[in-house]
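Reviewing the structure listed below.
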Amino acid sequence: MPHPIILAPSILSADFARLGQQVREAAAAGASYIHIDVMDGRFVPNITMGPVVVRALRPLADELNLTLDVHLMIEQPEQMLPAFARAGADILTVHVETCPHLHRTVQQIRELGAKPGVTLNPATPLVMLEEILPYVDQVLVMSVNPGFGGQAYIPASTEKIARLRRLLHARGLRHVAIEVDGGIHPENVREVVDAGAHVIVAGSAIFNDRASVAENLDAFWRALGRP
Ligand code: DX5
Ligand code: ZN
């Protein structure tokens, strides 16, 4: 079965004083995932949010049928996985750069009842994920260096997505979803979808003061050919 295209607004760029309302607006405009960027000030040069935010959004996610897609940009993620799972994360994505025992970490995520995702920085080659692909539900291709919203898309990411798609197809792993994160906006979303991405993360292109969340999501859907 082909993967549907999913828009996953990253709340990193949301108005935190009105977080629940912003998530409701995103859901009403067709978002089905909410992407939660967790940063520790060590793996990446920024500190953001922890399990408390996942816990706060869980009832809303249940009400609106949203998937909480948690992107862990933290060192030693295995220590924090139980807390994020208990808080209600649906997908837990770890960076290969932070996991010397990635197979064990992915198993831990499954045992905790969440879906495992793996990701890699723009300069990390895809080959680092080759052995783990059969064990994961989602692979995230980072198209900026993680740490901040609002950065420019790194053009070589498109070819990396296409290579990942070929690799998954060659290995009989078409069920693994391909996610892309960083610098995605209505002008380049078609390019990453054509390359093979199914889950589209966007922060600053959805939560900004130029237009409403609904207008910004509509622009994505129009770019994807859906009125
Ligand atoms: C970057 C984060 C992204 C970020 C994307 O470190 O992983 O999820 O929020 O933001 P934009 O869409 O503004 O590049
Ligand atoms: Zn992210």
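Order of listing sets the numbers, starting from 1, for every ligand and every atom in it.
Not one N or O on the side chain of E78 forms a donor-acceptor pair closer than 3.5 Å with the backbone of T105.
Close contacts of ligand 1 with H35, meaning ligand atoms under 4.0 Å from a residue heavy atom, involve 8 (O). Annotation for ligand 1: atoms under 4.0 Å from non-hydrogen atoms of S204 are 11 (P), 12 (O), 13 (O).
Contact analysis leaves H185 out of contact with ligand 1, as no non-hydrogen atom separation drops below 4.0 angstrom.
If you run side-chain contact (heavy atoms from CB on, under 4.5 Å) between H35 and each of D181, I11, L7, T67, only D181 comes through.
Polar contact check, V144 against ligand 1: no nitrogen or oxygen pair lies under 3.5 Å apart. Any N or O atom pair closer than 3.5 Å counts here, and S10 shares at least one such pair with ligand 1. Ligand 1 has a nitrogen or oxygen under 3.5 angstrom from a nitrogen or oxygen of G150. Looking at ligand 1, you'll find an N or O of G147 within less than 3.5 Å of one of its N or O atoms.
Of the N and O atoms on the side chains of H71 and H95, at least one donor lies less than 3.5 Å from an acceptor on the other residue. Using modelled atom types, one finds no donor on one side chain facing an acceptor on the other under 3.5 Å when comparing Q138 with T93.
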Under the salt bridge (charged side-chain N to carboxylate O under 4.0 Å, His left out) criterion, do D90 and R58 qualify, and how do the steps go? CA-CA 10 Å; D90 294 298; R58 187 66 254 172; 2.8 Å; yes
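At the Zn ion (ligand 2), the angle from NE2 in H35 to OD1 in D37 is 90° when rounded to 10°.
Looking at H71, its N, O or S atom nearest to the Zn ion (ligand 2) turns out to be ND1. Among the heteroatoms counted here (N, O or S) of D181, OD2 is the one nearest to the Zn ion (ligand 2).
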